[in-house]
Amino acid sequence: MSSVAVLTQESFNEHRSGLVAEQAGGSSTAGDEEAPAYKDAFPPLPEKAASPEGTQEPVNAWTSKIRPLKSSVITQVFHVPLEERKYKDINQFGEGDQAKVCVDIMHKTGAHLELSMAKDQGLSIMVSGKLDAVMKARKEIVSRLQTQASATVAIPKEHHRFVIGKNGEKLQELELKTATKIQIPRPDDPSNHIKISGTKEGLEKAKHEILLISAEQDKRAVERVNIDKVFHPFITGAYNKLVADMMQETGARINVPPPSVNKTEIVITGEKEQVALAVAMIKKIYEGKKNATTIAVEVKKSQHKYVIGPKGNTLQEILEKTGVSVEIPPPDSNSETVILRGEPDRLGQALTEVYAKANSYTVSSVVAPSWLHRFIIGKKGQNLAKITQQMPKVHIEFTEGEDKITLEGPTKDMQMVQSQMEAIVTDLVSRMDYREISVDPRFHRHLIGKGGANINRIKDLHKVSVRIPPDNEKSHLIRIEGDPQGVQEASKELLELASRMENERTKDLIIEQRFHRAIIGQKGEKIKDVRDKFPEVIINFPDPAAKSDIVQLRGPRNEVEKCSKFMAKMVAEMVENGFFLSVPIFKQFHKNIIGKGGANIKKIREETNTRIDLPAENSNSEMIVITGKKENCEAARIRILAIQKELANITEMEVSIPSKLHNSLIGSKGRFVRSIMEECGGVHIHFPTEGSGIDTVTIRGPAEEVEKAKKQLLSLAQDKQTKSHTAELKAKPEYHKFLIGKGGGNIRKVRDSTGARIIFPTPEDEDQELITVVGTEEAVREAQKELEELIKSLDNVVEDVMNVDPKHHRYFVARRGQVLRDIADEYGGVMVSFPRSGANSDKVALKGAKDCVEAAKKRMLEIIEDLDAQVTMECVIPQKFHRSIMGPKGSRIQGITREHNVQIKFPERVDGPGKGGSAAPLAEAAVQENGEANGEVVEEPAAHVDPNAPKKCDVIVLSGRKERCEAAVESLKALVPVTTEVEVPFELHRYIIGQKGSGIRKMMDEFEVNIQVPAPELQSDIISITGLANHLDRAKEGLLERVKELTAEQEDRSLRSFKLTITVDPKYHPKIIGRKGAIITNIRTEHEVNIQFPDKNDDNQDQITITGYEHKATAAKDAIQAIVDELEEMISEDITLDARVHARIIGARGKGIRKIMDEFKVDLRFPQPGAADPNQVFVTGRPELVDEAIDHLLNLEEEYMADVNENESKMTYMKPTGDRGASSMDEGGRERGSSKGFVVREAPWQTGSEKAPDMSSSEDFPSFGAPVAATNKASPWGPKRF
């Protein structure tokens, strides 16, 4: 039982303060008894070596308490030979698949892997980690980095369970140990073969282990013979021939451990007589060889692999030739001794073979700076490939960070390779250079640019290589390599870019995504204005698909802040202008609202200052949304409605209906009012806003339909007001179409006979079965009765049969039965069943409600009648126009098909005669056309074919009724495009095309034509326009209008390019530019000119260039000259102000100094830190203002100095911080007694002649890392062991 001392806060304070007063007052003897002995408090360490007498070390406090600890982390090295490497691409070492595999293994197992490549191109992998992790990693390495082989081993079926072990533990251990995959047949499988897959070395180990397990279980026929490992090669023989012969002769199984397994035990299994015979043969071989002669020779470690050979073949070859075994030390040993064992007369021959193999290869090196290595290798190893192709056996190795290249290969080839490598290195050193520049890592990605755009541009421009360290290195150094001049220019450009970025700031602005489009503008014109106002700020909007509200601003800090405030103000205005309203406009009039080239909509937008959004062409919506200020939206709405009213017989009528009835007339989710609008030809009915108290309801649409809707509304309102009654009933959704009838015929009969309104659910309604009946009580009752009878009859399912000619069956079942699905939808879900293909029956079965079946039969007979009346007609249109006729995604041809109810088939596309073009098809057509004569086919020569006959590839086939086909042919011909030419000056072509073709693409989309601009080398003025005849005139006008705009722009550009220069002393340039460019920006904006100051390297440092319109450039010049005149009148004086008051005068963030400069219109310059005179301040400005400012500054100095002197006098009376006297007070502020410190008895300096160690002595208390002089002087701490 061990005792534990607990240290409390009280005991600690007592220990720190020394003994308490009572103890201090006691006798010294008592105090000595209380103090611990020195040897108990500081037990000596055990001596390293045992005493000469061999006596055991005494057990002391250290040895009894401290146990040796084993490291939980182990390290193992695995080698993968070149021939067994799975990934052999040398160029991708460190970045290819094997590196990715290693990273994956590290993540999966938790072990740490380090790869290195040996000179023989083998892989060495060092694995560190806990034992379990290392074993798992080893298994992964073998399976994923080494090529896998497989083998089988046969052991008795009853031994399999011992290989598997309890819960499979033995099998798992075996797989981990040998790094193989072992597959044992299932118990119900009669096979006794165990399959092993893995590396060659692993297979041998696993095989050996399995055979050992089997032999263990077969006690009747197992024998173990211990023979030194060095004699195993004599027993196995070269290439294992001898052991194989023994096994064949004796019938026993002999398991010799492979060279990689450090075991001496040879296991023989089989019948007892066979085993005994095999043991005798093995012992005989051993007896004959155990006295064999050995010689030891020294062979360089680097040459051992040449002696071993690939897969140990060279050793086997020497054994076969000479009968001598060659023993090579393991790879992890430093020994270079090779032992030869065998008959004395054969050792000489074996030794010759060993030296021949060892010296067959030579290693040398070439001096080359490490930064040149990749240039020597070349792109994808091209330079080295030229050498290695000539000398494939020579291996060239580059070591990162070393200024040399190692060459290894056959001696005869080495001299030539070395001379070639030296020539390459000499050439590169003479014409290449490098430079390293320091750039903050946070700017690295900006230097690289999006997708590497910036860095690639610099590389291509200066023909250099630039290495920017990855983010995880956190390195400042960027390395530039290449031509000396290119290196200098590239480094200069990179440093300038980095310098600009240091002053940059990025700010995220939160702006709701709905405002982004408005800020950008329809064609980006609004954001262009913002960018022009803040040219140094980069504004990035998120992708619309990202649904993000973050707009990023990047640029100089000041400009970013100004831009941020400006955009925030824009958003605030947009929120104010965020009112919107929807205007229903008939779909056919939307294009008229837009106008030619968007003229109408653009005019309304500009004059009303609103945003107007129209629905997409393929949308069914008729709503046009207007956004802006409320009064502006109302004005735009009136103008849009006026356009619609002009275009058609559109009437607008107002009906007065009490507002309390509005909700009931609209119905749940607008059901009632929607049913009236649909019934009355799509009129628009507009109810006032809920709660407004307005009774007026507006109806808009064709005059007849408006009148009809008005009557229905008033009738419904009257019913609601007097005797409104509602009933609900349910019917399956598939019955609804049949109940409504074609064109609403069925439901109209019910409505006319009863006077009730019947409302069916819309697709948005939750209950799709609910039908609502509205009207008087009697009308609702009658309508409900009729509908229930109809629904009941629909529930009464009957079956019927009709005859349909089999030739028409395909029409009904084609396109996955689309026609039958349409019939089922229209006629209450009736099921139509056609006979199976090949049944040769004309009976078609129909099943469903009686009325539905009858109606479906009638419809099918109509379809059959149409099919019988069908004709096929050909329309000849040149193939080149087919794509244009089809339209985008076949939209035009689908429209004609629907409109005329015909089928249209286009011919296969043919590119020319060689691909089945003209000649062959025409000949074939002629043969078919001639037909049969007297039961024989009469073939006429192809030469008789009419040359004017249309090509097959031009013939479009139409099927349907004759009159419909004829109408469709006319529609097709109307879609054939025509071409016209427009003359446009050649120099304007590139502006018409626009950036990346955007301009011409926009015109083609707007006018639905194809515009062909001639190639630049033709220098032609003719532009071709191809399209439909009715589109060409509009396109031509639009193109000529664009030409006028471009001509005007060219003239304006010429006027704006006027330049003039003004000579100004460079010392005034900063004043003209102003603080952060404020003054020059103001002049540029006011006069709309560009003002360019000279660069640092310009010869004319006093020339300022102004570009713009002539009169504006002159005005800007006058403005600059006025500033210069004013500056020339200024003077500069220096005054002495005590440096202690400078900070007070400057103020927080320069607020005080800015106030003085603004008030007195002067410029103040305070001295920099380290200046010769820290009290000297310069004042610059007009003479009278300078005097006033100096007086003011001197007054401030006098005032502030009084405060400074007062503070300094106070400081003399204040107690200095860190006073040592404070140490005598405890934490509670009480005075502590004097401390005796930690007291021990029988210390070395008390008992002997030794004295206490001197704390100021560097010998007694040496510093870490400092050299210590050897001394024989005894130490109070005990004997020194260093």
Does atom CD of Q1012 have more than 12 heavy-atom neighbours, drawn from other residues, nucleotides or ligands, at distances under 6.0 Å?
-> no
Could you check if a side-chain atom of T1047 sits within less than 4.5 angstrom of a side-chain atom of L988, using non-hydrogen atoms only?
-> yes
Taking the side chain as every heavy atom from C-beta outward, state whether T610 and T627 have any pair of such atoms under 4.5 Å apart.
-> no
Of all residues at least two apart in sequence or in a different chain, which pass the side chain to side chain contact (heavy atoms under 4.5 Å, CB included) check with E983?
-> D1021, I1022
Quick check: does any side chain N or O of T1114 sit under 3.5 Å from a backbone N or O of E1110, one acting as donor and the other as acceptor?
-> yes
Sequence neighbours excluded, the answer for salt bridge (charged side-chain N to carboxylate O under 4.0 Å, His left out) partners of D532 is K528
K533 NZ to M567 CE distance, which is reported to the nearest 0.5 Å | 13.0 Å
Is NZ or CZ of R554 both nearer than 6.0 Å to the six-membered ring centre of F534 and within 45° of the ring axis?
-> no
Please examine the side chains of V978 and T1026, heavy atoms only from C-beta on, and report whether any two atoms are closer than 4.5 Å.
-> no
At what distance, to the nearest 0.5 angstrom, does CD of E1045 lie from CD1 of I992?
-> 10.5 Å
After noting the C-alpha distance and the side-chain angles of R892 and L975, does the key distance pass the side chain to side chain contact (heavy atoms under 4.5 Å, CB included) rule?
-> CA-CA 9 Å; R892 290 176 182 164; L975 291 175; 4.2 Å; yes
Over 12 non-hydrogen atoms of neighbours within 6.0 angstrom of CD in Q903 = no
Ring pair (Phe, Tyr, Trp, His ring centres under 6.0 Å) partners for H516, two or more places apart = F541
So how far is it from Q995 CD to I993 CD1, rounded to the nearest 0.5 Å?
-> 13.0 Å
Is any side-chain heavy atom of R961 less than 4.5 Å from a side-chain heavy atom of V871?
-> no
Cationic N near anionic O, under 4.0 Å, D529 to R531 = no
More than 12 heavy atoms of other groups within 6.0 Å of E874 CD = no
Side chains of E493 and H462: do they bring a donor and an acceptor to under 3.5 Å?
-> yes
Check whether any side-chain N or O of R611 sits under 3.5 Å from a backbone N or O of R605 as a donor-acceptor pair, and report yes or no.
-> no
Going by distance alone, is a donor N or O of one side chain under 3.5 Å from an acceptor N or O of the other, for S971 and E899?
-> no
Tell me, do I539 and C563 make a side-chain contact under 4.5 Å, heavy atoms counted?
-> yes
Stepwise side chain to side chain contact (heavy atoms under 4.5 Å, CB included) check, I893 with L972 = CA-CA 8 Å; I893 213 69; L972 282 173; 3.3 Å; yes
So do N600 and I593 actually touch side chain to side chain, heavy atoms under 4.5 Å?
-> no
Salt bridge (charged side-chain N to carboxylate O under 4.0 Å, His left out) assessment of K952 paired with E908 | CA-CA 9 Å; K952 258 193 172 184; E908 290 292 330; over 6 Å; no
Does any N or O in the side chain of E1088 come within less than 3.5 Å of the main-chain N or O of T1085, such that one atom is a donor and the other an acceptor?
-> no
In Å, rounded to the nearest 0.5 Å, how long is the span from CD1 of I640 to NE2 of H590?
-> 9.5 Å
Say whether, by atom type as modelled, one donor and one acceptor occur between the side chain of D1052 and the main chain of A1048 under 3.5 angstrom.
-> no
Of all residues at least two apart in sequence or in a different chain, which pass the side chain to side chain contact (heavy atoms under 4.5 Å, CB included) check with A967?
-> H900
Partners of R990 by side chain to side chain contact (heavy atoms under 4.5 Å, CB included), sequence neighbours excluded?
-> none
Rounded distance (nearest 0.5 Å) linking atom CE of M886 with atom CD1 of I904 | 10.0 Å
Can you tell me how far the NZ atom of K1117 sits from the CD1 atom of I1062, to the nearest 0.5 Å?
-> 6.0 Å
Under the side-chain hydrogen bond (donor to acceptor under 3.5 Å, both in side chains) rule, what do S548 and Q513 come out as? Steps first, then yes or no, please.
-> CA-CA 7 Å; S548 172; Q513 196 178 35; over 6 Å; no
Using modelled atom types only, decide if a donor and an acceptor are shared between the side chain of D460 and the backbone of R457 within a distance under 3.5 Å.
-> no
Please check if the side chain of R1001 supplies one atom and the backbone of K996 the other of a donor-acceptor pair under 3.5 Å.
-> yes
Partner residues of F906 under the ring pair (Phe, Tyr, Trp, His ring centres under 6.0 Å) criterion, sequence neighbours left out = H882
